[in-house]
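Below: one structure, written as structure tokens.
The sequence lines fix the lettering, A, B, ..., with proteins before strands; numbering per chain opens at 1. Scope of the values below: all heavy atoms of this structure, side chains included, with no hydrogens, waters or symmetry mates.
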Amino acid sequence: MTAIVDCNSFYCSCERLFRPDLRNKPVVVLSNNDGCIVSRSDEARALGVGMAVPYFEARHIIEKHGIAVFSSNYHLYGDLSYRVMETLRTLAGDRSKVEVYSVDEAFMDLSDVPEDQLVDHARHIKTTVEQWTGIPVSIGVAPTKTLAKLANRLAKKDKIASSCVTVIATAEEQRLALQQTRVDDLWGIGGAYAVKLINQGITSAWELSNMPEEWAHSHLGGVVGVRLIRELKGLPAIFMEEELVDKKMIATTRMFGRPVTSVTEIKEAVATYISRSAEKLRRQQSAAGVVSVFIVAKEQSHSTYFRHGPTISSYTTLPHPSCLTHELIKAATGLVDQLFEEGKSYKKAGVMLSGLVPDGSIQGNLFVPPAENQHRFLMHTIDNINFAMRDDSVKFGASGMNKDWKMRQELRSRRHSTRWEELKGVK
DNA sequence: TCTGGGGTCCTAGGACCC
DNA sequence: TCTGGGGTCCTAGGACCC
């Protein structure tokens, strides 16, 4: 059996941890740039605040009911996420039995737990995580990952009846669970497939689970659809994954805090994003062979279909894979020159590093003079200083000094658990 | 009008996730 | 006026090879 442990309204729960006065009160957390709502407490949901709704649209409800609003505080959420995951690993006994799936979710392999003890075991996990970290979680347990996700949904749907734990073990429980779940609420069915399925008269998860695999192969994304059907039938087709798999692509993209019209500022932003990406690259000891850049112009027309405006992108293949920030910046800012059009106004830019290879493999490159290896020490030193001092103490000039194109984060809480200066005071 | 068979590699794009 | 960011996997189709 597999469990999925999912933190309840994770970002909101993190904020509440340091604001006990907000317990049982409506809370929402905004995305970067204070754009839209990415987390909402049950109380906020009950007041009619939708998920992923733009902030400015929900603002009237928020103000009317005095809902507490926060900008995203990733330092805080990242740290609390780590604590939750470490707790799960401790409880599992074996680190390989925990697969961190996202910042607020982890799968756990419970194959060693006897079936009649699953409920108690899951409850024990839940109480322990809450005691140790202060973060409330819901747990779904089932024979497959997809069914575990489904069980978790049911647990969250009625937290009081389920005590946030749902176990699907018997065939009968499985059938009931599938029958009461809409097809578009399944893990693996997004907007496009949902429309397709409903048009064909398949509305419940139960109906989908009874479709033939060949049909899924031709209509639901090939092998992906086949796996989904199997999982719904209780036959595992998506397995626990190894942790710490190196990323195959590294991206940093941001909206600007205001429209940007100068090529210099776009280059500053792109250099800043490259620096961040290069840091991630070095952390996993990789080097990138391909650098891509994209910029998004502010929409010209008023059509709602073009809310993002056209994305213009370009990429370049480096002469040899690199993890050196200045090399990557040079390539990326060159691409900006290709893409930028004078007179246009831009709202977003992003960079992507791909064609990643292990950094070790390029050590012996004949075309790199030995002196270049000094750059590696430089990068290492910069990373160490920035890690110790935080907030980009050392950066490349190309990243700019003012950065007034930076995103808005006007309502961010303090980084209580990762900054001495922002430690919570107790009177 | 007719035009092999089998393979690999790469890229673009679609779909999904949180 | 104001709508996030960072990923993954898969398929189709083109280029190329023998």
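Atoms CG (A:Asp34) and P (C:dT3) sit 11 Å apart, rounded to a whole Å. Look at CZ on A:Arg40: it is 17 Å from P on C:dG4, rounded to the nearest Å. In this structure, CG of A:Leu281 is placed 11 Å from P of C:dG7, rounded to the nearest angstrom. One interatomic measurement links the two molecules: CZ of A:Arg254 to C1' of C:dG7, which rounds to 14 Å at whole-angstrom precision. Per the geometry, CG belonging to A:Asn32 stands 18 Å off P belonging to C:dC2, to the nearest Å. Separating the CD1 atom of A:Ile189 from the C1' atom of B:dG14 is a distance of 14 Å, rounded to the nearest angstrom. A:Met249 places its CE atom 15 Å from the P atom of B:dT11, with the value rounded to the nearest Å. Here C:dG5 presents its C1' atom at 11 Å from OH of A:Tyr273, a figure rounded to the nearest Å.
Each of B:dC18, C:dG7, C:dG6 was ranked by its minimum atom distance to the side chain of A:Ser102; first place goes to B:dC18. For A:Tyr101, taking side-chain heavy atoms from C-beta onward, the closest of the listed nucleotides C:dG6, B:dC17, C:dT3 is B:dC17. With B:dC18, C:dG5, B:dA15 as the candidates, the nucleotide lying closest to the side chain of A:Lys149 is B:dC18. Looking at the side chain of A:Cys36, the nearest of the listed nucleotides C:dG4, C:dT8, C:dG6 is C:dG4. For A:Thr253, the side-chain atoms get nearest to C:dG5 when compared with the rest of C:dC10, C:dC2, C:dG5. Here C:dG6 is the nucleotide among C:dG6, B:dC16, C:dC2 with the atom lying nearest to any side-chain atom of A:Ala251. Closest to the A:Lys248 side chain, of the nucleotides B:dC18, C:dG5, C:dC9, is C:dC9. Looking at the side chain of A:Asp104, the nearest of the listed nucleotides B:dC18, C:dG6, C:dT3 is B:dC18. Distances from the side chain of A:Val223 to the nucleotides C:dG6, B:dA15, C:dT11 place C:dT11 closest. When the nucleotides C:dG5, C:dC10, C:dG4 are ranked by their closest atom to the side chain of A:Val38, C:dG4 comes out on top.
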Problem - Residues A:Glu86, A:Arg83; criterion salt bridge (charged side-chain N to carboxylate O under 4.0 Å, His left out); working and verdict - result: CA-CA 5 Å; A:Glu86 280 300 302; A:Arg83 296 182 192 191; over 6 Å; no
- Task: Assess whether salt bridge (charged side-chain N to carboxylate O under 4.0 Å, His left out) is satisfied between A:Glu130 and A:Lys126, documenting all intermediate values.
- Result: CA-CA 6 Å; A:Glu130 290 184 16; A:Lys126 175 181 164 59; 2.4 Å; yes
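Here the closest heavy-atom approach between residue A:Ala169 and residue A:Glu173 is recorded as N-OE1, 2.7 Å. In terms of heavy atoms, A:Leu353 sits closest to A:Ile274 at CD2-CD1, 4.2 Å. Across A:Asn24 and A:Arg16, no two heavy atoms sit closer than the pair N-NH2, 3.8 Å. The two residues A:Lys159 and A:Ser138 make their nearest non-hydrogen contact at CE-OG, 4.5 Å.
Residue A:Arg258 is classed as having no contact, given no heavy-atom separation below 4.0 Å to the nucleic acid. Among the atoms of the strands shown, none is found under 4.0 Å from any heavy atom of A:Ser72. Among the heavy atoms of the strands lying under 4.0 Å from A:Ile250 are primed sugar atoms or P, OP1, OP2 only; no base atom is included. Among the atoms of the strands shown, only primed sugar atoms or phosphate atoms (P, OP1, OP2) are found under 4.0 Å from some heavy atom of A:Tyr193. Within the nucleic acid shown, A:Gly350 has no heavy atom closer than 4.0 Å to any nucleic acid atom. Residue contacts shown for A:Leu186 are limited to sugar-phosphate atoms, with no base heavy atom under 4.0 Å away.
Nucleotide B:dC17 forms a Watson-Crick or G-U wobble pair with C:dG6, both donor-acceptor distances falling under 3.5 Å.
Taking atom P on both C:dT3 and B:dC17, the two are 24 Å apart, rounded to the nearest angstrom.
Contact annotation: A:Lys347 side-chain N/O to C:dT1 OP1/OP2 distance is not under 4.0 Å. Contact annotation: A:Lys348 side-chain N/O to C:dG5 OP1/OP2 distance is under 4.0 Å.
Where A:Gly221 and A:Thr252 each meet DNA chain C at their nearest nucleotide, the meeting point lying more 5' is that of A:Thr252.
By the 30° and 60° cut-offs, the orientation of the rings of A:Trp187 relative to A:Tyr101 is perpendicular.
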